Amino acid sequence: MKFTHSTGDKEYETILTAEEAARFTVANIFGTWAPDAICAQQTTTATISDDKHTLTWDATTRASRIYLVSINGETPFITQDTSLTIDGEITSATVRVANARGGFGPAATAGNASSIDAVNAEAANAGKLYNLAGMRVSENYKGIVIQNGVKTVKR
C-alpha cells in the first residue's frame, strides 16, 4: 500500500522488504539494554520429598528470587525460600518463578523424589531386562525392571 505526501512530491511504501525488516532486532533497537532477557519467563523444577511433608525447588540465578507456590490446591502464596515443610501430606504442588519485572512463568508441577514415573504390572515376554540403575539383569530377576523401554514389575 502506498501513500502520497500532501504536497504530492513523495510516495511512501508502508510494507518493509525482508532486508529492511531484518534490521529490526532487539539489539539494534535497544542496544546493550536487553528487555527480552529481563522479561524472559523463568522456570524451575519442584520435588515432593519421600515423606510427603517437604516441597523443594531449584533456586533461580537471579539475585531477587520470588516464587509463587501452591500446595494441595490451596491459595498460592509468595516466598523467597526454596523449600517448604508442612505438617500434613503434600499431594500436589506447583511453583512459579517471577522474572525481573514480576511476571510469573509457567507452573512447575512437583513430582515425587522417586525416579520412577510409572509401573506396569504386566511384563512383556520379549526383550532384555535392566534394573533401575540401568544394569542388565537375568530373566529370573524379581522386582521393578525396564523392558523394551517400559518400567514393569517382574514377580
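Computed from a predicted structure; not experimentally measured.
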Please check if the side chain of [X] supplies one atom and the backbone of [Y] the other of a donor-acceptor pair under 3.5 Å.
X     : Y      : answer
His53 : Asp87  : yes
Arg96 : Gly105 : yes
Asn99 : Cys39  : yes

Drop me the distance from [X]'s [atom1] to [Y]'s [atom2], to the nearest 0.5 angstrom.
X      : Y      : atom1 : atom2 : answer
Leu84  : Trp57  : CG    : CH2   : 5.5 Å
Lys142 : Lys154 : NZ    : NZ    : 6.5 Å
Ile38  : Arg101 : CD1   : CZ    : 4.5 Å

Can I get a per-line list of side-chain donor-acceptor pairs under 3.5 Å for residues 67-79, giving both atom names and the distance, sequence neighbours left out?
| from | atom 1 | to | atom 2 | distance (Å) |
| --- | --- | --- | --- | --- |
| Tyr67 | OH | Thr60 | N | 3.1 |
| Ser70 | OG | Glu74 | O | 2.8 |
| Asn72 | OD1 | Thr91 | N | 2.6 |
| Asn72 | OD1 | Thr91 | OG1 | 2.9 |
| Asn72 | OD1 | Ser92 | N | 3.1 |
| Asn72 | ND2 | Glu89 | O | 3.0 |
| Thr79 | OG1 | Asp81 | N | 3.0 |

Any ring pair (Phe, Tyr, Trp, His ring centres under 6.0 Å) pairs touching residues 87-111, not counting sequence neighbours?
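Qualifying pairs: none.
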Could you tell me which residues satisfy side-chain hydrogen bond (donor to acceptor under 3.5 Å, both in side chains) with [X], sequence neighbours excluded, listed by chain and number?
X     : result
Thr82 : none
Thr43 : none
Asp51 : Ser49

Do any pairs count as a side-chain hydrogen bond (donor to acceptor under 3.5 Å, both in side chains) and have a residue in residues 21-35, sequence neighbours left out, and if so which ones?
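Checked against side-chain hydrogen bond (donor to acceptor under 3.5 Å, both in side chains) - neighbours excluded - the pairs reaching residues 21-35 are Thr25-Asn28.
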I'd like to know if Leu16 and Ile29 are part of one continuous hydrophobic network [Ile/Leu/Val/Met/Phe/Trp/Tyr, side-chain heavy atoms within less than 4.5 Å].
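Yes, same cluster.
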So, using side chain to side chain contact (heavy atoms under 4.5 Å, CB included) as the criterion, who are the partners of Ala108 when residues are at least two apart?
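Scan of Ala108 (side chain to side chain contact (heavy atoms under 4.5 Å, CB included), adjacent residues dropped) gives Thr44.
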Non-hydrogen atoms of Ala46 and Leu55 that approach each other most closely:
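Minimum heavy-atom separation between Ala46 and Leu55: CB-CD1, 4.1 Å.
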Residue pair Leu129 / Glu139: nearest heavy atoms and the distance that separates them
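The pair with the smallest heavy-atom distance is CD1-CA, 3.7 Å.
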Flag for Thr54-Thr85: side-chain donor and acceptor within less than 3.5 Å
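Looking only at side-chain atoms, Thr54 and Thr85 do form a donor-acceptor pair, the distance falling under 3.5 Å.
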Between Val137 and Val145, is any pair of side-chain heavy atoms under 4.5 Å apart?
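Yes, close enough: below the 4.5 Å cut-off.
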